[in-house]
Structure formats: structure tokens, C-alpha cells
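In this text the structure is predicted, and so the values were computed from the model without any measurement.
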Amino acid sequence: MKLPAKPPSWLPFLGPVLAAVAGALAGEFWLGGGFWMVFTTGIVCGFAPIVIYRLWKRLHHRR
């Protein structure tokens, strides 16, 4: 699969939205895990778009 030339500039700003949605879903469906399950899910999903954006930029600049 070929990536577009540049990553979208709005990609890192999805972090807080994804963190909130993932935390809410984790709280709703996996509440047995408690606070730490919701917190970890929110942190991982919140930073995922930022990491993906940086990797995409690094791959783009390598070419």
C-alpha cells in the first residue's frame, strides 16, 4: 500500500478525541479493569495519532 506524499496536518489533533472515545468505551465495556484500564487505554489511544504522524513524516522524508 502506497502512502500519500504527506501526512494530513490534522492527524496529531485526533489524539484527545481518540483518548476520550477510547476511555469512554473502556469504561463502558471493560469497567472490571477499573481506573487503570481506562487510563491506560486513553493514554495509548491518545498518543497513537501523534506517533503515527511522526512515523509517517519520517518515512516521507526518507524518500
Side-chain angles (χ1 to χ4, degrees):
M1 181 172 99
K2 186 176 178 183
L3 293 174
K6 290 174 62 174
S9 59
W10 47 263
L11 187 62
F13 298 105
L14 284 179
V17 174
L18 285 178
V21 170
L25 289 174
E28 182 69 29
F29 296 111
W30 301 325
L31 201 52
F35 170 78
W36 291 109
M37 176 62 82
V38 173
F39 180 77
T40 304
T41 304
I43 291 292
V44 168
C45 291
F47 279 108
I50 298 167
V51 171
I52 291 169
Y53 177 79
R54 298 310 271 158
L55 288 172
W56 196 340
K57 272 191 86 134
R58 180 171 286 182
L59 289 172
H60 175 270
H61 286 292
R62 255 188 207 180
R63 288 196 261 171

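The hydrophobic cluster around F13 extends to none of the other residues, as no ILVMFWY side-chain heavy atom falls under 4.5 Å of it. Membership of the apolar cluster around V51 extends to L55, as traced through chained side-chain contacts below 4.5 Å between ILVMFWY residues.
For Y53 against S9, the heavy-atom pair with the smallest separation is CE1-CA, 4.4 Å. Here the shortest heavy-atom pairing between W56 and L11 reads CE3-CD2, 4.1 Å.
Under the rule for a side-chain contact (heavy atoms from CB on, under 4.5 Å), P16 has no partner lying at least two apart in sequence or in another chain.
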Would you give me the side-chain donor-acceptor pairs under 3.5 Å for residues 39-49, sequence neighbours excluded?
| from | atom 1 | to | atom 2 | distance (Å) |
| --- | --- | --- | --- | --- |
| T40 | OG1 | W36 | O | 2.7 |
| T41 | OG1 | M37 | O | 2.7 |

